[in-house]
Structures are given as structure tokens and as C-alpha cells.
Amino acid sequence: MSKPTPLSGFPELLPAQRAVEQQVLDTLRHVFELHGFAGVETRAVEPLDVLLRKGDTAKEVYLLRRLHETSADGHAGLGLHFDLTVPFARYVLEHAGHLEFPFRRYQVQKVWRGERPQEGRFREFTQADIDIVGRGELGTHHDAEVARVMVDALRRLDFLPGFTLQVNNRKVIAGYYAGLGITGGELVDEVMRQVDKLDKLPVESVRGELVGPVGLDDATAERVLALAAVRATDAAALEADVRALGVTDPLLEEGLAELVGVLGACAGLVDDRVSVVADLSVARGLDYYTGTVFETRLRGWESLGSICSGGRYDALATDGRTTYPGVGISFGVSRVVVPLLARTGLAADRAVPSAVLVALPDEASRAHADAVADRLRARDVPCEVAATPQRFGKQIRYAERRGIPYVWFPAPAGTDGETTEHEVKDIRSGEQVTADPDTWTPPTEDLRPRVQAKEQQ
RNA sequence: GUGGGCGUAGCUCAGCUGGUAGAGCGCCGCGUUGUGGUCGCGGAUGUCGCGGGUUCAAGUCCCGUCGUUCACCCCA
């Protein structure tokens, strides 16, 4: 086979980069579990009617087809999941009898979308979701909770740039519009869709759309834009800014109270890398969000769009008798990690887990070297034995190439007692000392690969 | 799906009006046959994406195709 070409949209990482992604995944899992979320994995495929329940999105779903498919449709009626929310909703219905509600779960898996790839947008990528789902009811304090958990996870990834969590509430938007006399589901949705473009288009363009194709009068359009211009980082300012717009409506009040609640609950998480802001221009295009909505921007990486989004669904799932409301948030692992690796020098300081290379003087000593390695491993020191008994200079170079910080020189296997001692060399400093394989341990920072940001591109 | 850019050594790239495929980095060896990095000397790189055409002659020009990339569209 000649050299294979890469497949666009299906990113693969080299070991030193994968180590970074794994550290991200380890951190996410650790924090999600710290907050009491249970891990779930769902199958990669769902029946098409489950996947397509939310609308006409068939063209972006990858279908499953046997090579010798003989059915009338030419496929098995199964597709790869394109997010983790839809499979989770199905999972909740299927296993409702065995779950305790409110049910809190995290789910980190690959998903697939038949889109044209771009930076941070792939056809196969990893998402990390957390959701809390209730049976019949779910308190709005959980909206703040999922935000807090995700912020807690992201802030611990200290090699990532800082970020801003943007929060809004659809009830605020819908209530405000109702107060302005904008009614009717379609019109409200269309106005929201235009407002949602404010982060990409200049205000004038959006205003033009609102008074033109959408059909608002100038004054109403202006007030719609006024709401979308509100930004606030504390509850008092938010309430003051919204009230100053002079619209009153019961739904607006309800949404505002929820939004204030989320903002207040997240206040303690803010530091110089993390900000949380009520941004009333955030609408999310999806019509199934019913209350709180989230988006997240990475500082300096705004072109990536939102790297972590989600919100509240009053009806995440329903079986006709029972409705399961949910609130969740999803972090785009690949969307962040892959561009970051590509555009900065971010990588692990070694491509292999080994902290120690056990040198091999000659092939006859392999069993002895293996035994030394096992004594190190017994105390959780990752190590490997040199592949071939080359001269030691080459074995040191072997370690250096891989970023392994220590080379271990075993004491000769004496038949009448060991007269010499084991030695271990830190190949960065050149320092070499005698050591006991049953007690020697590298400094903690050398035990595992470390993630380091190299020079910016 | 639409439009533009780009495909030459492991990597980054140069290659003029068509005339014997190059550089840097990396890699391998030796100096130094059980202690690397620096330095010196030496060495190997290749279906110039693929197919066809024009030509005495194509990496170079033309057509097609595949891949890749950026933008648009879309975005759960």
C-alpha cells in the first residue's frame, strides 16, 4: 500500500498531542465525578427516527449500511449520533425505570456530522456533556449547577486560554418581545435567529433584516437591539439594565429571576481567566431550548465560535405520560484541543509515558533489566527497557528523542553478589547517582508527561 | 453543495521564457567499539498526488481526476 492520505475532518493526533487531549479528558472526568455526575456511554448508532426527531437534518447524518445491504431503502435505518443529547434523551426513556431522578450524568464520546470541515469543525469529534434530568420537574438551581460544574472543569485546564461563559434566558427574550407586541411563534423565532447573528454581522445588517424581511417597524427593531446590547456581570446591574428598557411582562420577569439566579451562583468562580456574563444577545438557533442558554468564548480564539454550549429543555424527553425536563452543557473537546495543538506549540514534554529507560548492556542481561524495570513499576514508576543493546550513548539518545528524563544503568548481574551499584542519570542535567530500584522515585513532576505551551506560533 | 488557493525528500519549502530534481531542518554513520547533546567529516533520501494531452524534451504548459485547505451555505 502506498502512503495513505489524511482524511479531512477526521483528526488524528501524535502521541505527545494525544497526551494533551488525554489530560483534558482525565480532568473533565475527575471534575464531573467530583460533582457527583455518573458516567454513561451510549451506543454509537441510533434509529433514524430518533435522530431526526428534531427536524430535517438528514443530510448531516451518516447512515449505517451493510456492504451487502438488500433492504428497500438500501440502509439499515440506523445512523451515527451527531450529538450526545439526543441519544441521552432516548437512554433516559429506555431506562427510566432503573434511574433515580434527578439523574445527573456525564458522557464523553465521539460524534459524527457530515459537514464540510473547517478549523475547529470536524466530521468526527469528541464532545463532553453533562446533563441533569428530572421526572416531571427540575428545579432551576440546576441550571446554575451545570454551569458551575463546567466552569470548574475548564478552569482547571490551566494550559487553555481564559474564557467567558455567556448566559441568557429564552424567557427573557420571549417575554420582552411579547411586551413589545411581537407575538406568534414563527415571528419570534425569526427575530431571534437574526439577533443570534449579532456576533458575526454588524448591527446595521441585523437591523436591516429586522425592519426589512422580518417586517418590524423601526422603533420595535431598535428596542429588540437594545435588549441584545445588554451585558452584565452582576445581578443588580442586569436587573437595572433590563428594567431601564421599560418593558414589563410576566414571562420576562420569570426569566430575569432565573438569569439572576445563574449569574449569582457563578459569581464565586470568576477570576482572571474565567468570566461569567449575562449576554442578552445569545439566543442559540435551536428552538428546543426553553429557558437558560449558554455559550462560551475562548479568549484570543473568538473565531472558533462557541466552544461550550447548552441550555434548558422543558421537554428533553417524553413518553407521552411523563415529561423529563433537563438542563445540560456540552464542551467541544476536539473543537478546542485540535486547533490549539495546531496553532500553538502545545504538547506534552514527552511522547511516551515512560519516566525511565532501563539501559541494556547486552542481550544476555535482558532478564536482569526486565527485573529492574519491574521493581520500578511495582512502585508506579512508568518505565521501559531499551529495545536493543546499543552502546550507551545511543541508548541515551533513544531516551532523549522520546523525552524520557531518566536512564537507569543496572548493576551487573553478579553470580556472587553485586559488587557495583545501580546508577540513574538525569539526562537533562547529566547528573548521575547511585540508586536502589526498590526505593528510588523521580520527582513528582517527572512521573507523568507534562503539558507545556511552547512558543506561540 | 458553490467558489478560490495549494499538492516536489520524514518536515518546511525553492525550482526562472519547458532543457540532467534542490536547500534548510531532521535522519543514519564515523571521529568517540559502555554515557547522548556541541563540533567536524561523510551518507541516504523522491511514483515531483494520479491519469491523459501538447512537445525532440514536462516538476514547469493544457485537460481531467483525486486529495487537501480557506471562504460561503449550514450548524444539533
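Residue numbers begin at 1 in each chain, while the letters A, B, ... track the order of the sequences.
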Query raised in the report: Nearest-Å distance, CH2 (A:W112) to P (B:C75)?
Result: 22 Å
**Report entry** Between A:F10 and A:F122, ring centroids under 6.0 Å
**Finding:** no
Query raised in the report: Under 4.0 angstrom, heavy atoms only, what part of the nucleic acid is A:Q118 near: base, sugar-phosphate, or nothing?
Result: base
Query - Spacing of the P atoms in B:G31 and B:U35 (rounded, Å) - result: 12 Å
Report summary line: The side chain to side chain contact (heavy atoms under 4.5 Å, CB included) partners of A:D26 (sequence neighbours excluded) come to none
Query raised in the report: What distance, rounded to whole Å, do you find between the two P atoms, one in B:U20 and one in B:G5?
Result: 29 Å
Query raised in the report: Which whole number of Å gives the distance between the P atom of B:C48 and that of B:G59?
Result: 8 Å
Requested in this report: To the nearest Å, give me how far apart CD (A:E12) and P (B:U68) are.
Outcome: 12 Å
What are the atom names and distances for every N/O pair under 3.5 Å that joins the protein to nucleotides 2-8 of chain B?
unit_1, atom_1, unit_2, atom_2, d
B:U2, O4, A:R116, NH2, 3.1

Report task. Spell out protein contact along nucleotides 29-36 of chain B as letters: B when the base is contacted, S when just the sugar-phosphate is, - when no protein heavy atom is under 4.0 Å; keep the 5' to 3' order. Result -> SS--SBBB
Report task. Take atom CD1 of A:I404 and atom P of B:G37, then tell me their distance rounded to the nearest Å. Result -> 17 Å
Report task. Just jot down the side chain to side chain contact (heavy atoms under 4.5 Å, CB included) partners of A:E41, sequence neighbours excluded, or say none. Result -> A:Q109
Query - Partner set under side chain to side chain contact (heavy atoms under 4.5 Å, CB included) for A:P353, not counting sequence neighbours - result: none
**Report entry** B:C66 versus B:G29 - spacing of their C1' atoms, nearest Å
**Finding:** 40 Å
**Report entry** Short N-O contact, A:E431 and A:K425, less than 4.0 angstrom
**Finding:** no
Report task. Could you name each residue pair satisfying ring pair (Phe, Tyr, Trp, His ring centres under 6.0 Å) that touches residues 346-366 of chain A, not counting sequence neighbours? Result -> none
Query raised in the report: Are the charged groups of A:R113 and A:E124 less than 4.0 angstrom apart, N to O?
Result: no
Report summary line: side-chain hydrogen bond (donor to acceptor under 3.5 Å, both in side chains) filter on A:R450, not counting sequence neighbours, yields none
Query - Integer-rounded Å distance: B:C11 P and A:L14 CG - result: 11 Å
Query raised in the report: OP1 or OP2 of B:G67 less than 4.0 angstrom from a side-chain nitrogen or oxygen of A:S8, does that happen here?
Result: no
Query - Residue A:R29 excluded, over 12 heavy atoms near CZ under 6.0 Å - result: no
**Report entry** Pairing pattern in dot-bracket form [Watson-Crick, G-U; both distances under 3.5 Å; | = partner strand] for RNA chain B
**Finding:** (((((((..((((.....[..)))).(((((.......))))).....(((((..]....))))))))))))....
Query - Stretch residues 435-443 of chain A: residues that reach within less than 4.0 Å of RNA chain B through a heavy atom - result: none
Query raised in the report: Parallel, tilted or perpendicular: which fits the ring planes of A:F101 and A:Y324, with parallel below 30° and perpendicular above 60°?
Result: tilted
**Report entry** Any A:R401 side-chain nitrogen or oxygen under 4.0 Å from OP1 or OP2 of B:C27
**Finding:** yes
Report task. Would you mind reading off the distance between A:L304 atom CG and B:A71 atom P, rounded to a whole angstrom? Result -> 11 Å
Query - P atoms of B:U69 and B:U12, separation to the nearest Å - result: 13 Å
Report summary line: Nearest-nucleotide check on RNA chain B, A:R121 vs A:P117; residue mapping nearer the 5' end is A:P117
Query - SB check A:R428 A:D446 (cutoff 4.0 Å) - result: yes
Report task. Any pair with a residue in residues 386-410 of chain A that passes salt bridge (Lys or Arg N to Asp or Glu O under 4.0 Å), sequence neighbours left out, goes on the list, sorted by first then second residue, please. Result -> none
Requested in this report: Report the C-alpha separation of A:T292 and A:F294 in whole Å, then their side-chain angles, then the decisive distance to 0.1 Å, and conclude whether the side chain to side chain contact (heavy atoms under 4.5 Å, CB included) test is met.
Outcome: CA-CA 7 Å; A:T292 302; A:F294 302 109; 3.5 Å; yes
Query raised in the report: Using the C1' atom in both, what is the distance from B:A58 to B:G18, to the nearest Å?
Result: 6 Å
Query raised in the report: How would you list, by chain and number, every residue that makes a side chain to side chain contact (heavy atoms under 4.5 Å, CB included) with A:H35, sequence neighbours excluded?
Result: A:V31, A:F37, A:V149, A:D152
Query - All pairs passing salt bridge (Lys or Arg N to Asp or Glu O under 4.0 Å) where residues 356-367 of chain A contributes a residue, at least two apart - result: A:E363-A:R366
Requested in this report: Determine the interatomic distance between P on B:A14 and the same-named atom on B:G49; round to the nearest Å.
Outcome: 13 Å
Query raised in the report: What integer number of Å spans the C1' atoms of B:G3 and B:U55?
Result: 33 Å
